[in-house]
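See structure below.
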Amino acid sequence: MKSLPATFFARNTVQVAQDLLGKVIEVNSMKARIVETEAYGRDPASHAFKKTPRSSLMFDTSGHVYVYLIYGMYECLNFTTEKVGEPGAVLIRAVEPLQGMERMKKKRKTDDVDNLCSGPGKLCQALGITRKLNGTKVGIGVNVYDDGYKVAKIMSSSRIGIKDAQDLPWRFFIEGNRFVSRAS
DNA sequence: CCAACGATGGTCT
DNA sequence: GACCATCGTTGGC
């Protein structure tokens with residue numbers, strides 16, 4: 001399994017979001033396959049629509065981990081994209097558990113495998129991802145690998161949980177995968 | 001089954 | 001003080 005190079009992330013955000021599907025992430029020695037992502041550029045639904053203290057990572061880094069708190073109780077995992085100076089990030093919305101499933105079940109307080117990582121807040125709970133990782137480079141606390149897995153078909157839809165920019169089909173997921181947060 | 005809602009705290013105006 | 005890139009529960013059918 002080879003780690004993704006920094007150049008993988010320093011590209012068009014929508015392209016990176018699609019290319020991350022099927023890749024393996026490793027955190028706290030647990031492993032999972034990415035099955036659902038969303039692209040966030042400088043659009044009205046994105047934190048990077050305006051540069052603020054929180055969103056500055058999206059402008060100033062590429063290939064770094066961006067973790068933020070949402071609704072006061074959950075965290076969301078992103079990877080920053082584009083070349084430095086250009087804002088962008090990919091939200092990881094769902095992953096398929098591969099290794100360390102027993103620890104994921106404990107952290108999520110459920111034995112239902114389909115409910116471990118099928119949402120952005122859920123997967124952070126399962127893998128123990130917190131804001132402590134915010135701003136770290138990919139390859140330190142969070143690793144991303146290409147294990148050669150080929151995605152058969154990529155589906156897209158509008159992004160979930162936002163009201164602005166519903167016309168942009170920037171949510172991507174692996175067709176038919178049972179671990180995505182929703183089927184369509 | 002599924003739509004509605006409350007929990008909960010950081011971020012921004 | 002309003003708003004959230006969410007989730008689990010509740011209460012109606």
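These numbers come from a predicted model, not from an experiment. So you know, we letter chains A, B, ... as the sequences are listed, proteins then strands, and number each from 1.
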With sequence neighbours excluded, what pairs up with [X] under the side-chain hydrogen bond (donor to acceptor under 3.5 Å, both in side chains) test?
| X | value |
| --- | --- |
| A/Gln18 | none |
| A/Glu86 | A/Arg42 |
| A/Arg171 | A/Glu36, A/Ser157 |

(message) Please give the stem ranges for DNA chain C, sorted by first residue number, where a stem is three or more consecutive Watson-Crick or G-U pairs and both donor-acceptor distances are under 3.5 Å.
(response)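 Result, WC/G-U stems under 3.5 Å: B:1-7 with C:6-12, B:9-12 with C:1-4.
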
(message) Using ring centroids (six-membered ring only for Trp), state whether A/His47 and A/Tyr68 fall under 6.0 Å.
(response)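 For A/Tyr68 and A/His47, the ring centres are under 6.0 Å apart.
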
Only distances under 3.5 Å count here; give the side-chain donor-acceptor pairs of residues 133-145 of chain A to other protein atoms, sequence neighbours excluded, each with its distance to 0.1 Å.
{"residue": "A/Asn134", "atom": "OD1", "partner": "A/Val67", "partner atom": "N", "Å": "3.0"}
{"residue": "A/Thr136", "atom": "OG1", "partner": "A/Leu133", "partner atom": "O", "Å": "2.7"}
{"residue": "A/Tyr145", "atom": "OH", "partner": "A/Glu26", "partner atom": "OE1", "Å": "2.7"}

(message) Of all nucleotides in DNA chain B that come within under 4.0 Å of a heavy atom of chain A, which is furthest toward the 5' end and which toward the 3' end?
(response)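 Boundary nucleotides touching chain A, in 5' to 3' order, are B/dA7 to B/dT13.
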
Under the salt bridge (charged side-chain N to carboxylate O under 4.0 Å, His left out) test, residues paired with [X] that sit two or more places apart:
| X | answer |
| --- | --- |
| A/Asp114 | A/Arg178 |
| A/Lys51 | A/Asp60 |
| A/Glu75 | A/Arg131 |
| A/Asp146 | none |

(message) Any base atoms under 4.0 Å from A/Arg171, or only sugar-phosphate, or nothing? Heavy atoms, all strands.
(response)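 Counting heavy atoms under 4.0 Å across all strands, no contact is made by A/Arg171.
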
(message) Generate the contact string for nucleotides 4-11 of chain C. Rules: B means base contact, S means sugar-phosphate contact only, - means no protein heavy atom under 4.0 Å.
(response) BBBSS---

With a cut-off of 3.5 Å and sequence neighbours excluded, list every side-chain donor-acceptor pair involving residues 4-15 of chain A.
{"residue": "A/Arg11", "atom": "NE", "partner": "A/Phe8", "partner atom": "O", "Å": "2.9"}
{"residue": "A/Arg11", "atom": "NH1", "partner": "A/Asp19", "partner atom": "OD2", "Å": "3.0"}
{"residue": "A/Arg11", "atom": "NH2", "partner": "A/Phe8", "partner atom": "O", "Å": "3.2"}
{"residue": "A/Arg11", "atom": "NH2", "partner": "A/Asp19", "partner atom": "OD2", "Å": "3.0"}
{"residue": "A/Asn12", "atom": "OD1", "partner": "A/Val14", "partner atom": "N", "Å": "3.1"}
{"residue": "A/Asn12", "atom": "OD1", "partner": "A/Gln15", "partner atom": "N", "Å": "2.9"}
{"residue": "A/Thr13", "atom": "OG1", "partner": "A/Thr81", "partner atom": "OG1", "Å": "2.7"}
{"residue": "A/Thr13", "atom": "OG1", "partner": "A/Glu82", "partner atom": "OE2", "Å": "2.9"}
{"residue": "A/Gln15", "atom": "NE2", "partner": "A/Asp19", "partner atom": "OD1", "Å": "3.4"}

